[in-house]
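Notes follow once the structure below has been shown.
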Amino acid sequence: MTEHTNNSDIDEELVTDDALDPYAVASDADHVFWADAVADVIESRRLGGADNQDETAGEGNPLVIKGGVSPSGIPHLGHFNEILRGYFVAEVLRGRGHTVRQLFTSDDRDRLRAIPRQLADTDWNIVGLGDVDAGALGRNLGRSYTDVPDPFGVRDSYGEHFTQLLRESVEQLGLDVEFVSNTACYEDGSFDEYIETVLGDTEQARAVLAAYQDKVDDEYLPFFASCEECGLLTEDITEVSVDSQTVSYRCSDVEAGDDVFSGCGHEGTISIRDGKLPWRFEWPAQWALLGVDFEPFGKDHAEGSWPSGVDIATHVFGIEPPVPMVYEWFTLEGEALSSSSGNVVTVAEVLELLEPEVLYYFFAKEPLKQRDFSIERLDQLVDEFDRFEQLYFDEIEGEEQEKARANRVYPLLVDEPRKERIRIPYTFAAVLGMTDDESLREEIARREGHIPDDAPEWAINEALARVERAQTWARRTGNEFDYELKRSALPDVSLDADIEAALDELAAFIEAGRDGEEIQQKIFSTARDHDIDVSDLFSAGYQLLFDEEQGPKLGPFLAKLDKEFVVARLRRER
RNA sequence: GGGCUGGUAGCUCAGUCCGGCAGAGCGACGGACUCUUAAUCCGUCGGUCGCGUGUUCAAAUCGCGCCCAGCCCGCCA
C-alpha cells in the first residue's frame with residue numbers, strides 16, 4: 001500500500017488498491033519475470049471481474065497495451081521503455097492465449113516548450129541548432145508539435161518528423177505497434193465526447209482536479225485553445241459552449257512550468273477540435289477512447305499524473321483506469337538521457353553495436369531498478385546476455401533462480417531459440433575487427449575455437465556480423481580494441497639495432513613463403529638467436545603494423561597479409 | 001516536504017520478497033597449451049554484505065533508527 005499524497009480529498013479506496021499501485025504491480029514473489037506478475041494483475045483486473053465473463057481476450061475484444069511520449073526531439077533509448085516494457089507484457093499475455101493490441105500515442109498536440117540543442121534529420125544525422133533555422137523554431141514555442149513546421153522541411157510538422165523517426169526505430173526492432181496521433185484524435189472528433197464530458201460538468205472536473213492542483217479555482221476551465229492568429233495554445237478560456245462544440249478564448253501569456261510564452265492578445269472562438277485538454281484530463285481520455293488495459297510510465301508520472309488520472313478516469317469519465325506500472329529511468333554513461341541537452345543514444349546507434357536480442361535483454365530487466373546504459377562497458381552487457389543464452393541452452397551451470405529466469409525470458413528475446421547459433425565473445429569480436437579481411441576473421445575465429453567445424457552457414461554469418469558491431473564499438477569508444485592495420489604509411493617507430501636485425505631475418509624468412517605456424521615459430525626462434533626478449537620482438541611487430549604495443553597472434557596474421565607488404569614493412573621500407 | 005532506487009570482491013552486478021555455509025562475470029595473479037596473444041583450459045587471491053540496533057537457534061535477507069549516492073514529484077507534460 002502506498003500513500004500517493006496526504007491530501008484528504010483523495011479517494012482512499014482507489015489509492016490503496018494494489019492493482020492501481022504502479023510500484024506494486026510488477027513485484028510478485030511467485031514469478032521470476034516481472035511481466036508475468038503484471039499479466040496476472042491484468043487478467044484478474046481486466047478480464048476476471050464479476051461483470052465480465054470473458055476468461056480470454058479474443059480477436060473481437062483484445063487487451064490493449066499503450067505507451068506514449070511527446071515527439072519533443074530525437075527518440076532515444078529511454079523512450080523505448082514506453083514500448084518494450086509493454087511488449088514483454090503483451091507477449092506474456094499472448095502466450096496465455098489472449099489477443100493483444102499494442103498502441104503508442106504520439107502526444108503531438110502538446111506544446112513545444114524548449115528547443116533541443118540537438119536534432120536528428122530525416123536520415124538520422126544528428127545536427128546542432130546551427131544547422132537548422134533555430135529562430136523559426138523559437139518563434140513557435142508554445143504551439144503544438146503538429147503546428148510547428150518540420151525544421152528539415154520534409155514532413156508536415158515538427159511532431160510528425162520526430163514521430164516518424166520513432167516509428168522507424170520501432171520497425172528496426174521488428175515490433176508490431178500501432179501508432180495513434182493525438183492531434184489526429186482531436187481533429188477527427190474522437191475526443192469530442194470526452195471534451196464534452198469535461199466541459200459539460202466543469203464543477204465536477206474542478207472538484208476532482210482541485211485535490212491535486214491548488215491552482216484550480218472556481219473560474220478554472222480545463223481546456224487550451226489554439227489561437228487562430230498565432231497558433232499559441234492559450235489557457236485563457238473565456239466561454240464554453242458545449243452545445244455548439246466551441247470555446248472562446250483570449251490569447252494571453254502562458255506560464256508552463258518555468259517557461260512563459262507570450263500571447264498575441266487575439267480574442268476568438270474555435271471548435272473544440274482545435275484545442276486540447278490539459279494533460280491531467282487528456283491521459284484518462286486516451287484510456288477511455290482506446291480502452292487501455294495496461295500502461296507503463298516513467299517515475300515522473302507516478303506521483304502527480306497517475307493518482308489524478310485514476311481519480312479522473314473513475315469519477316469524470318466513469319471508466320476503470322488501466323493497470324499501471326512505473327519504470328525507473330535509464331542513464332547513459334551515468335548521466336540523464338535528455339533530448340534537450342543532447343545526451344542521447346538512439347536505437348539505430350545501439351543496433352550498430354549489438355544484436356537486437358541483447359537490447360531486448362536490457363529491457364527485460366527489473367523495471368524499478370535504475371540502470372546505466374554504458375557504451376564504454378557494452379562488452380559487459382553483451383557478455384551477460386551470452387551467458388543468459390547459454391543458461392537457457394543448458395550449456396553452462398548456474399544457480400537455479402537464474403536458470404529459471406533464463407528459461408522464462410530468453411524465448412521472448414529472440415524470434416526463435418536456435419541452439420546452433422554461435423556467439424563470438426564481444427571483446428574477441430573486437431579483436432577480429434582490426435582486420436577488414438572477412439576470410440581472415442573467420443579463420444582466426446575457427447582457430448580459436450569459436451566456430452565449430454560443423455557450424456551451419458547461417459550461424460557463421462550471424463556470428464561474424466558481431467565483428468562489424470564490435471569494430472564499430474571499438475572505434476566509437478576509442479578503447480583498447482580500436483586499432484587497425486596501418487597499411488598506407490609506416491608508423492613512426494624507433495627500434496634497437498638488434499631488434500632491427502631480427503626483423504630483417506624474419507622478413508627474409510617470410511619472403512621465402514611460409515605459413516602462419518612457421519612464422520609464429522620463427523618469431524620465437526629469431527628472438528632467441530638474437531638474444532632479445534620475445535615480447536620485444538612481438539611488440540616491434542605490433543608497432544610496425546598497428547602502431548600499438550599489442551595485437552593479434554602475429555604469425556598467422558602476417559601469413560594472411562600480402563607477402564610483399566609484410567616483408568617491406570618488417571624491413572621498415574614502407 | 002513527499003516518493004523511488006542503490007550501497008555485497010579491484011570493477012559490473014546476482015542473491016534480499018520466502019532468514020539456513022557469501023556468489024557470478026570481468027580484472028589481477030600463478031600455471032598449462034612443443035609458443036609471454038588480448039584466444040582456450042586449470043588454479044589462486046580477493047568481501048566487518050553502508051552504520052547501529054531489535055527479533056531469532058540462525059540475519060546480506062525481517063523490524064526500527066541512521067549515513068551516503070543517484071533520480072523523480074511539489075501543480076509543465
Side-chain angles (χ1 to χ4, degrees), chain A residues 2-7 22-23 27-31 37 68-70 72 107 109-111 113-114 209-216 235 254-259 261 276 278-280 282-283 297-308 326-331 334-336 365-372 374 376-377 379-381 383-384 386-388 391 396-402 405 424-425 427-428 430-432 434 444-445 447-450 480-481 483 517 520-525 527-528 533-539 541-542 548-557:
Chain A
T2 305
E3 283 290 333
H4 294 287
T5 165
N6 47 21
N7 191 310
Y23 291 104
S27 57
D28 175 351
D30 296 335
H31 294 294
V69 298
S70 302
S72 57
D107 295 337
R109 186 150 273 197
D110 291 359
R111 287 194 189 99
R113 292 181 54 212
L209 193 60
Y212 305 90
Q213 298 191 338
D214 291 341
K215 76 172 182 188
V216 175
E235 301 180 4
V254 173
E255 288 180 40
D258 296 333
D259 308 310
F261 307 117
K276 120 184 241 307
W279 163 250
R280 294 290 178 112
E282 187 179 72
W283 199 22
F297 46 83
K299 62 178 174 180
D300 53 333
H301 288 318
E303 287 190 73
S305 305
W306 171 251
S308 73
V326 179
Y327 57 82
E328 272 282 348
W329 290 4
F330 297 140
T331 53
E335 301 290 326
K365 289 161 170 269
E366 289 297 321
L368 270 177
K369 285 209 164 194
Q370 283 187 353
R371 278 180 209 286
D372 186 42
S374 173
E376 292 288 329
R377 299 191 307 262
D379 54 314
Q380 290 188 358
L381 176 65
D383 287 350
E384 198 181 304
D386 288 354
R387 185 179 144 76
F388 193 71
L391 279 167
I396 53 170
E397 294 300 311
E399 287 171 28
E400 205 166 313
Q401 189 157 350
E402 55 182 4
R405 204 177 131 73
I424 298 172
T427 53
F428 187 66
V431 170
L432 294 180
M434 98 247 130
I444 296 172
R447 190 185 67 227
E448 301 299 344
H450 293 300
E480 71 267 36
F481 300 102
Y483 53 90
E517 271 314 297
Q520 185 75 4
Q521 292 299 324
K522 182 67 177 174
I523 296 170
F524 284 91
S525 64
R528 277 195 298 273
D533 197 4
V534 178
S535 64
D536 289 344
L537 187 54
F538 274 104
S539 173
Y542 294 131
E548 300 277 348
E549 290 295 321
Q550 293 180 308
K553 188 168 183 176
L554 205 49
F557 186 78

| said: By nearest atom, which of the nucleotides B/A39, B/A14, B/C4 is closest to the A/Arg371 side chain? | reply: B/A14
| A/Phe524 near the nucleic acid: base, sugar-phosphate alone, or nothing, with a heavy-atom cut-off under 4.0 Å? | base
| Taking the same atom, P, in B/G15 and in B/U61, what whole-Å distance lies between them? | 15 Å
| request: Can you figure out which of B/G25, B/A14, B/U16 approaches the side chain of A/Arg387 most closely? | output: B/G25
| said: Across nucleotides 72-77 of chain B, 5' to 3', mark each nucleotide with B, S or - according to how protein heavy atoms within less than 4.0 Å reach it. | reply: BS-BBB
| said: Expressed as a whole number of angstroms, how long is the span from A/Glu400:CD to B/C18:C1'? | reply: 14 Å
| query | Hey, is the main chain of A/Ala210 close enough, under 3.5 Å, to the side chain of A/Gln213 for a donor-acceptor pair? | reply | no
| A/Ser305 and A/Trp279: side-chain hydrogen bond (donor to acceptor under 3.5 Å, both in side chains), yes or no, with the steps? | CA-CA 8 Å; A/Ser305 305; A/Trp279 163 250; 3.1 Å; yes
| said: For A/Ser374, give me all partners under side-chain contact (heavy atoms from CB on, under 4.5 Å), at least two apart in sequence or on another chain. | reply: A/Glu333, A/Asp372, A/Glu376, A/Arg377
| message | Without decimals, in angstroms, what is the distance between A/Leu537 CG and B/U37 P? | response | 12 Å
| task | Could you tell me whether the side chain of A/Gln370 has a donor or acceptor atom within less than 3.5 Å of a complementary atom in the base of B/G70? | result | yes
| field | Options B/A14, B/U12, B/U40, nucleotide nearest the side-chain atoms of A/Gln380 | value | B/U12
| query | Taking the six-membered ring for Trp, are the ring centroids of A/Trp283 and A/Phe297 within less than 6.0 Å of each other? | reply | yes
| task | Taking A/Glu328 for its side chain and A/Lys369 for its backbone only, find out whether a donor-acceptor pair lies under 3.5 Å. | result | no
| Any donor and acceptor pair, going by atom type alone, linking the side chain of A/Arg371 with main-chain N or O of A/Lys365 inside 3.5 Å? | no
| query | Could you spell out the base pairing of RNA chain B in dot-bracket, with Watson-Crick or G-U pairs whose two distances are under 3.5 Å, [ ] crossing and | to another strand? | reply | ((((((((.[[[[.)....(..]]]].(((((.......))))).....[[[[[..)....]]]]])))))))....
| query | Quick one: which of B/A39, B/A14, B/U37 gets closest to the side chain of A/Glu399? | reply | B/A14
| task | Using a strict cut-off of less than 4.0 Å between a Lys/Arg side-chain nitrogen and an Asp/Glu carboxylate oxygen, indicate whether A/Glu235 and A/Arg111 qualify as a salt bridge. | result | yes
| field | Test: A/Arg387 and A/Glu402 ion pair at under 4.0 Å | value | yes
